[in-house]
Participant: 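Attaching a single structure in structure tokens format; questions to follow.
Convention: sequence-line order gives letters A, B, ...; per-chain numbering from 1. This is a predicted model, so every value here is computed, not measured.
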Protein chains: 2
Amino acid sequence: MTVTPETATRMPAAERRASILEAATEVFGARGYVGATTDAVAKAAGVSQPYVVRMFGTKENLFLEVLHRALDRLLGAFRAVIAGHGTSAPDLAGRLGAAYADLLRDRGLLLSLMQAFMLGADPVIGPAARAGFLQVYGLLREEAGFGADEADQFLSHGMMLNTLVAIGMASEYDSDPAARDLIETCAPSKALMIVDLEKQQRA
Amino acid sequence: MTVTPETATRMPAAERRASILEAATEVFGARGYVGATTDAVAKAAGVSQPYVVRMFGTKENLFLEVLHRALDRLLGAFRAVIAGHGTSAPDLAGRLGAAYADLLRDRGLLLSLMQAFMLGADPVIGPAARAGFLQVYGLLREEAGFGADEADQFLSHGMMLNTLVAIGMASEYDSDPAARDLIETCAPSKALMIVDLEKQQRA
DNA sequence: GTCTATATAGCGATAGAC
DNA sequence: GTCTATCGCTATATAGAC
């Protein structure tokens, strides 16, 4: 009657890194940098807490890697849209917006980014977050060919979407008509996706 | 050679409450709910840590009071603008936007609000944050007479401004031309205020 | 490659004096 | 009205076995 060993099955380091990063993205996105524990990340990834620390050195470094991964995916998704259509394509902003909303599927990704943006006062994470934000802005202006107004609109609505997801407004969608009105007013085309993802998340 | 007693001079409870709330607003705004310590709040207010806890019961409750105070000030500022001009006044959105930016002077106020918005997953703070956000939205639609597009624009740019302040982008204003470009693109009329406040904050 | 055990530190909260 | 002292919990990080 030997109990199954609770040791995680062996896995190549690179693969394990990837799955821990994925788990960390979700945990950091939901609880923020300070609120997230390395133990919660470990449990989400199915490994022990010290193993997470050993693999990434420190919690701070783990968060930095989550941030960079999120930025890579975001910039990559945008570049794929631009490459597939070209700067002069009709409604490039709409296509980029759809790509952005699509990243909500990667759980915690946009939220981890937003959590990083809130850490401007941190001496290590702050600079990294600012650099990341500027990278996104630079892509919009230089690679997507956005003018000042277009970039402003795009980024502003992105921050609004992030905020609505972070605050969990979709959880009131069914019960509160005002919440429903707000979501459909401020995130019209993304409304269904937000709501569906939250429902799926609770299931 | 007796040392000055480190005991804070006696003060009426109501007054002490107010100054602790003010200090807490600044600390929560800068470090977030989890990252802020009751000790940092106490030091900023010039009292002992147990006294802060004793007066507000718990850190959670202190944060809720900070949130409500911030909302009161925000809604009050908006209502003052509306009362002073009337719904049909020209450029009501511009005047409300100016009032919003003006609240940046109340250090940490808009940041504490934003930090609350990031806590949607918290079982106590989450609902309070959502209710607060909906109050603001309701005021814009019903009291300011904003249409859907107008409210969307206003809130989106508000979230963008919050994010730029939280990430501390103004600290790169002088050294990084891209940061300067971003700030002047996405917060044109507020750019100077953001930058000035941060410089003043470092001094 | 992964775990158990544990050192160490920081923080929220309580007790009780003045 | 305000403090000092301190408890007890949680969390990151280290040491070392397998």
Participant: Please report, rounded to the nearest Å, how far the P atom of C/dT2 is from the OH atom of A/Tyr51.
Facilitator: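 In whole Å, C/dT2 P and A/Tyr51 OH are 4 Å from each other.
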
Participant: How close or far is atom C1' of D/dG1 from atom CD of B/Glu15, stated in whole angstroms?
Facilitator: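 Interatomic distance, CD of B/Glu15 to C1' of D/dG1: 13 Å.
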
Participant: For the side chain of A/Pro50, starting at C-beta, report the closest nucleotide among D/dA5, D/dC3, C/dA5.
Facilitator: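 Nucleotide nearest to A/Pro50's side chain: C/dA5.
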
Participant: Taking atom CZ of B/Arg95 as the centre, report whether more than 12 heavy atoms of other residues, nucleotides or ligands fall under 6.0 Å from it.
Facilitator: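 For B/Arg95, atom CZ is not crowded (no more than 12 foreign heavy atoms under 6.0 Å).
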
Participant: Any base atoms under 4.0 Å from A/Arg16, or only sugar-phosphate, or nothing? Heavy atoms, all strands.
Facilitator: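 Sugar-phosphate contact only - A/Arg16 comes under 4.0 Å of backbone atoms but never of a base.
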
Participant: Ring pair (Phe, Tyr, Trp, His ring centres under 6.0 Å) between B/Phe154 and B/Tyr137: does it pass, once the steps are laid out?
Facilitator: CA-CA 10 Å; B/Phe154 189 87; B/Tyr137 177 65; over 10 Å; no

Participant: Please give, in whole Å, the distance from C/dA17 C1' to B/Arg54 CZ?
Facilitator: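 B/Arg54 atom CZ is separated from C/dA17 atom C1' by 11 Å.
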
Participant: From the set D/dT4, C/dC3, C/dG1, return the single nucleotide nearest to any side-chain atom of A/Ser48.
Facilitator: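 Between D/dT4, C/dC3, C/dG1, the one nearest the side chain of A/Ser48 would be C/dC3.
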
Participant: Whole-Å distance between D/dA13 C1' and A/Glu60 CD?
Facilitator: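 Computing the A/Glu60:CD to D/dA13:C1' distance gives 14 Å.
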
Participant: Using whole Å, what does the distance between atom C1' of nucleotide D/dT12 and atom NZ of A/Lys43 come to?
Facilitator: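 So the NZ-C1' distance, A/Lys43 to D/dT12, works out to 14 Å.
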
Participant: Between B/Arg69 and B/Asp106, does any side-chain N to carboxylate O distance fall below 4.0 Å?
Facilitator: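 Salt bridge: yes.
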
Participant: Ion pair present between B/Asp176 and B/Arg180, side-chain N to carboxylate O less than 4.0 angstrom?
Facilitator: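 Salt bridge absent between B/Asp176 and B/Arg180.
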
Participant: Reckon B/Met55 touches a base, only the sugar-phosphate, or nothing at all at heavy-atom distances under 4.0 Å?
Facilitator: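 Result for B/Met55 = nothing.
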
Participant: Nearest whole Å is fine: how far is D/dT2 P from B/Ile20 CD1?
Facilitator: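 Nearest whole value for this atom pair: 8 Å.
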
Participant: Between atom CE in B/Met11 and atom P in D/dG1, what is the gap in whole Å?
Facilitator: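 So the CE-P distance, B/Met11 to D/dG1, works out to 11 Å.
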
Participant: Nearest 0.5 angstrom please: B/Leu113 CG to B/Phe28 CZ, how far?
Facilitator: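 The CZ atom of B/Phe28 is 13.5 Å from CG of B/Leu113, to the nearest 0.5 Å.
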
Participant: Please determine if B/Asp102 and B/Lys190 form a salt bridge, counting it only when a charged side-chain N lies under 4.0 Å from a carboxylate O.
Facilitator: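 No, this pair does not count.
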
Participant: Rounded to the nearest Å, what distance is computed from the CZ atom of residue A/Phe56 to the P atom of nucleotide C/dT2?
Facilitator: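 Going from CZ in A/Phe56 over to P in C/dT2 covers 12 Å.
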
Participant: Polar atoms only, N or O, under 3.5 Å: list the protein pairs with nucleotides 8-12 of chain C and their distances.
Facilitator:
unit_1	atom_1	unit_2	atom_2	d
C/dG12	OP1	B/Ala36	O	3.4
C/dG12	OP1	B/Lys59	NZ	3.0
C/dG12	OP2	B/Thr38	N	2.9
C/dG12	OP2	B/Thr38	OG1	2.9

Participant: Given side chains that start at C-beta, do those of B/Gln135 and B/Leu139 come closer than 4.5 Å, heavy atoms only?
Facilitator: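 Sidechains of B/Leu139 and B/Gln135: no contact.
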
